[in-house]
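Computed over heavy atoms, backbone and side chain alike; hydrogens, waters and symmetry mates excluded. One-based numbering, in listed order, for ligands and for the atoms of each.
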Amino acid sequence: LEVNLVPMQAVEEEWLGLVIVLHDITAIRRLEKVRSEFVANVSHELKTPVAAVKGFAETLLNGAMNDAETARSFLQIIYDESERLNRLIGDILELSKIESKRVPLQFSPVHLGSFVAKTLDMMRTSADKKQISLDMKVDDDLYMEADEDRLRQILINLLSNGINYTPDGGKVKIEVEEVAPAGGEGDAETIRIVISDTGIGIPKKDLPRIFERFYRVDKARSRSSGGTGLGLSIVKHLVELHQGTIRVESELGLGSRFILELPVIQSWTK
Ligand code: ADP
C-alpha cells in the first residue's frame, strides 16, 4: 500500500485540511514481477541458441573445419540454432505487439470451409513427414468475422502442435461448427473450432499452465521439435482479441483437444 499525504492550502495560507490518498500497489508490483520474470526468461531462452552457435563456430575455427564430415554436422547445428533464434525473436516480438495492443485487427467475413482447407494444405508437408493424417470437417456455408491472418496463425499454431506432439502415423483433425448462443435470445451465434490429435497428451497437473509464456511440459521434447514455448500464449491472446475463449482437454497417451469458441460477429461491428 502506498500512502500519499497532500496538504490542502487555501490562498491565504490558511490550512483547509489534509487529503490522504491510498494506492493499492500490489497489482502494480505483481505486474512488475511478471515483467521482470519475462525478461529473465527471454534472456535465458536467447542465450541457449547463441551459446550453441558460438561454441560450434569456435570449434570449427579451432581446427574441426579440416574434417569435412564434422564440419558439415557442426554447420547444420549452427544453421538449426540460428533458425530457432529467428523463430524465438519472431514470437517474442509478436507477443509483445499483441500484448501492447499495437496490432489493430482487420476484421472481414471469412468463409470457413475454404479457409480451413487452405490452412490445412500449408501443414501437409510437415504432417506427411510423420505420416500423420490431417482431416477436416467443416459445416457448409459457415462464415465468421475475423482477422484472417490472425485466425490463420491461431490454427497453424494449434495444428503444428498437434503434429509435433503426435507420434508417427497418428491423426490430427479440425472440426468447425456453429453452436447455439449460450445465453439464449440476443446472444451472438458462436463458431466452435476443435483441433484434436491422437498424440502424447498433457498431464493433468500441467493443463492449467500450458498457455503461460515459455511453459513446456517437456523442455527437451519442445526444443527438439523446434518449439519456442510461446505458441499457445500467442494463440490465447489472439483468441481473446477476437472476443473468444480457448480451453483444452487431454488424456495422457491418448491425445489432446483444443476447443475454441469465437463469436460469428464481432460486437463492435454489429
Ligand atoms: P512449444 O513451442 O513448446 O510447443 P506451446 O506454447 O505451443 O510451446 O505449447 C506449450 C506446451 O504445451 C508444449 O511445450 C507442450 O508440452 C504442450 N502442448 C501443446 N500442445 C500440445 C499437444 N497438442 N499435445 C501435447 N502437448 C502439447
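Taking the six-membered ring where the residue is Trp, the centroids of H242 and F107 are separated by under 6.0 Å.
The shortest distance between side-chain heavy atoms of L95 and R213 falls below 4.5 Å.
Checking R216 against S222 by side-chain atom types alone, a donor-acceptor pair falls below 3.5 Å.
At a 3.5 angstrom cut-off on N or O pairs, S233 does not count as close to ligand 1.
Applying the side-chain hydrogen bond (donor to acceptor under 3.5 Å, both in side chains) test to every pair with at least one member in residues 65-80, sequence neighbours left out, gives these pairs: D67-T70, Q76-D80.
Under a cut-off of 6.0 angstrom, the local environment of CZ in R29 is sparse, with at most 12 non-hydrogen atoms contributed by other residues, nucleotides or ligands. At most 12 heavy atoms of other shown residues, nucleotides or ligands fall within 6.0 angstrom of atom NZ in K137.
Looking at R84 and E45, no side-chain N of the basic residue comes within less than 4.0 Å of a carboxylate O on the acidic one, giving no salt bridge. Comment: D149 engages R152 in a salt bridge, judged by a side-chain N to carboxylate O separation of less than 4.0 angstrom. A salt bridge links E94 with R150: the distance from a Lys NZ or Arg NE/NH1/NH2 to an Asp or Glu carboxylate oxygen falls below 4.0 Å.
The protein heavy atom nearest to atom 23 (N) of ligand 1 is D197 OD2, 2.8 Å. Scanning the protein for heavy atoms near atom 14 (O) of ligand 1, the closest one is R216 CG, 3.1 Å. If you check which protein heavy atom lies closest to atom 13 (C) of ligand 1, you get Y165 OH, 3.4 Å. Summary of contacts: the protein heavy atom closest to atom 26 (N) of ligand 1 is I202 CG1, 3.3 Å.
Close contacts of ligand 1 with T228, meaning ligand atoms under 4.0 Å from a residue heavy atom, involve 2 (O). Remark: ligand 1 atoms within the under-4.0 Å shell around heavy atoms of I210 are 10 (C), 12 (O). Within ligand 1, the atoms closer than 4.0 Å to a non-hydrogen atom of G231 are 5 (P), 6 (O), 7 (O), numbered from 1 in the order shown. Residue-ligand proximity, G229 to ligand 1, at heavy-atom distances under 4.0 Å covers atoms 1 (P), 2 (O), 3 (O), 6 (O), 8 (O). Within ligand 1, counting atoms from 1 as listed, the ones closer than 4.0 Å to a heavy atom of Y215 are 10 (C), 11 (C). For ligand 1, the atoms closer than 4.0 angstrom to any heavy atom of G201 are 25 (C).
Counting heavy atoms closer than 4.0 Å to ligand 1, residue F211 contributes nothing at all. By the criterion of a heavy-atom distance under 4.0 Å, both the backbone and the side chain of L232 are placed next to ligand 1. Contacts between L230 and ligand 1 below 4.0 angstrom, taking non-hydrogen atoms only, involve the backbone exclusively.
Taking 4.0 Å as the cut-off, F258 counts as a neighbour of ligand 1 on heavy-atom distance.
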D121/R124 under salt bridge (charged side-chain N to carboxylate O under 4.0 Å, His left out): CA gap, chis, key distance, verdict: CA-CA 5 Å; D121 282 341; R124 292 261 180 238; 3.4 Å; yes
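Evaluated by nearest non-hydrogen atom to atom 3 (O) of ligand 1, the leading choice among S160, S256, G227, S222 is S222. In this comparison of N161, L207, V217, the heavy atom closest to atom 16 (O) of ligand 1 sits on V217.
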Atom pairs and distances, side-chain donor-acceptor, residues 113-120, under 3.5 Å, sequence neighbours left out:
residue : atom : partner : partner atom : Å
S114    : OG   : H111    : O            : 3.4
S114    : OG   : H111    : ND1          : 3.0
T119    : OG1  : F115    : O            : 2.7

